[in-house]
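Some notes on the structure that comes next.
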Amino acid sequence: MSKFIRISSVEAKYVIRNKGFLFGLFLAFVYLIGIMSFWGDAKSFLDGVTFKVAYPFFSDITYYIVITIAATSLSKEFAFKTSRVVFTSGLSRYQVLLVKMSSLLMVSVFIAILHQTVVNIMALLAGDQRDTVSILTNLGTSILVYSLFALFVGSVSFFLTSLLFSRLWTLIIVIFAFIMERQIRAIIMLVGGEKYTDFLNQTPMAIATESFLYNSLSLSKSLILLISSAILLLLTTYILNKREIR
């Protein structure tokens, strides 16, 4: 267990120290500051800004950061030609998936805490006074939402990687799917009417996207994401055990 945690931690630290990751977080901060500077009819910096107003704008960027990390977590090993080394390192293929997923969850929790910290500081500066219970409750919700989102996107990404053995195509498909998900859902609802609304809003991808952007997740939706992720991870393990790693 200690070896498992140590490897996962090393993987997570590698991601957090990556220049691309740091630039993404910087971009999220600049984007949030820029939007909040011109929010509504504000006459001064942060005028009229609250926690609920500011939170989704940071999510607009971190959404793609988590997706990118998830899509490249396993697939990068095939791009860097280190896949054979990774899968013959003494860990079973299922354990390799768990290490990758654990490191992804660690990074997601880090982003969730940073997200809450930045937005709470901004809300405080804007005069939006929040009690300790609200702050801790929102922090717990964010950690849960980020974790389940990363778990689901990571499971989808690992499954695609097991089929394609390609970082580029895994990244393209995952990003395209999560970018276009809301647009496709809206078009189907528009054409098909109300009869498709409930079903489409309850798909794992729709739940993952909406919960992440609005920091809200019910128990039933959490279970849907957990079960969907577990099924995908089991399928991925089965496929990897049957295929020759190259």
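Numbering of residues begins at 1 and proceeds along the displayed sequence. Bear in mind the structure is a predicted one, so any value in this text is a computation, not a measurement.
- Transitive grouping of hydrophobic side chains (ILVMFWY, heavy atoms separated by less than 4.5 Å) keeps Ile143 and Met106 in distinct clusters.
- Asn215 approaches Thr141 most closely through the heavy-atom pair O-CG2, 3.5 Å.
- Of all heavy-atom pairs between Ser157 and Thr170, the closest is O-CG2, 3.7 Å.
- Cluster annotation: Ile16 is not connected to Ile113 through the hydrophobic network of ILVMFWY side chains, with a link wherever side-chain heavy atoms come within less than 4.5 Å.
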Please determine whether side chain to side chain donor-acceptor pair (under 3.5 Å) holds for the pair Tyr63 and Thr209, giving the CA-CA distance in whole Å, both sets of side-chain angles, and the decisive distance to 0.1 Å. CA-CA 8 Å; Tyr63 178 78; Thr209 299; 3.3 Å; yes
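- Rounding to the nearest 0.5 Å places CD of Gln95 at 11.0 Å from OG of Ser102.
- If you take CG on Leu148 and CG on Leu225, they are separated by 5.5 Å, rounding to the nearest 0.5 Å.
- Put simply, Val10 and Leu97 are part of two different groups of oily side chains (I, L, V, M, F, W, Y) that touch within less than 4.5 Å, one to the next.
- Minimum interatomic distance between Ala28 and Thr62 (heavy atoms only, all atoms of both residues): CB-CG2, 4.4 Å.
- Val145 and Tyr214 fall within a single hydrophobic cluster, where Ile, Leu, Val, Met, Phe, Trp and Tyr are joined by side-chain heavy atoms under 4.5 Å apart, directly or via other members.
- Contact detail for Ile224 and Pro204: the closest heavy-atom pair is CG2-CG, 4.0 Å.
- Annotation for Ala71 and Leu171: closest pair CB-CD1, 3.7 Å, computed over non-hydrogen atoms.
- No donor-acceptor distance shorter than 3.5 angstrom exists from the side chain of Ser134 to the backbone of Arg130, with no hydrogens or angles considered.
- Among all heavy-atom pairs drawn from Val119 and Ala54, the shortest one is CG1-CB, 3.9 Å.
- No side-chain heavy atom of Gln116 sits less than 4.5 Å from a side-chain heavy atom of Phe58.
- Under the 6.0 Å distance and 45° angle rule, Arg243 does not count as a cation-pi partner of Tyr238.
- Taking a cutoff of 4.0 Å between a charged side-chain nitrogen and a carboxylate oxygen, Lys100 and Glu77 qualify as a salt bridge.
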Please step through side chain to side chain contact (heavy atoms under 4.5 Å, CB included) for the pair Leu232 and Phe158, ending with a clear verdict. CA-CA 8 Å; Leu232 286 170; Phe158 292 176; over 6 Å; no
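- Although no hydrogens or angles enter the test, the distance criterion places a donor-acceptor pair under 3.5 Å between the side chain of Ser162 and the main chain of Phe159.
- Remark: Tyr94 OH is loosely packed, at most 12 non-hydrogen atoms of other residues, nucleotides or ligands lying under 6.0 Å away.
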In sequence, state the C-alpha distance, the side-chain angles, and the governing distance for Phe110 and Leu105, and then conclude on side chain to side chain contact (heavy atoms under 4.5 Å, CB included). CA-CA 9 Å; Phe110 171 79; Leu105 292 176; over 6 Å; no
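- Contact of the Val66 side chain with the Val153 side chain is not registered, since no non-hydrogen atoms from C-beta on lie closer than 4.5 Å.
- Of the candidates Phe57, Tyr55, Phe29, Phe212, Tyr55 is the only one forming a ring-ring contact (aromatic ring centres under 6.0 Å, His included) with His115.
- Of the possible donor and acceptor atoms, one in the side chain of Ser211 sits under 3.5 Å from a partner among the backbone N and O of Ala208.
- The CG atom of Leu27 lies 12.5 Å from the CG atom of Leu22; values are rounded to the nearest 0.5 Å.
- Both Ile227 and Phe149 are part of a single hydrophobic cluster, where members link through side-chain heavy atoms under 4.5 Å apart.
- The distance from the CD1 atom of Ile175 to the OG1 atom of Thr68 is 4.0 Å, given to the nearest 0.5 Å.
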Salt bridge (Lys or Arg N to Asp or Glu O under 4.0 Å) evaluation trace for Lys76 with Glu11: CA-CA 12 Å; Lys76 68 184 178 185; Glu11 180 87 10; 3.2 Å; yes
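- Going from atom CG of Leu104 over to atom OH of Tyr146 covers 12.5 Å, rounded to the nearest 0.5 Å.
- No donor-acceptor pair under 3.5 Å is formed between the side chain of Tyr64 and the backbone N or O of Ile179.
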Checking Val15 against Ile69 for the side chain to side chain contact (heavy atoms under 4.5 Å, CB included) test, could you report, in this order, the C-alpha distance in whole Å, the side-chain angles of both residues, the deciding distance, and whether it holds? CA-CA 8 Å; Val15 173; Ile69 296 171; 3.9 Å; yes
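- Going from atom CZ of Phe152 over to atom CZ of Phe178 covers 5.0 Å, rounded to the nearest 0.5 Å.
- Note that Arg167 lies outside the cation-pi zone of Phe78, set by a 6.0 Å cut-off to the ring centre and a 45° limit from the axis.
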Leu233 and Met101: CA distance, side-chain angles, deciding distance, side chain to side chain contact (heavy atoms under 4.5 Å, CB included) verdict: CA-CA 10 Å; Leu233 284 174; Met101 184 61 75; 4.0 Å; yes
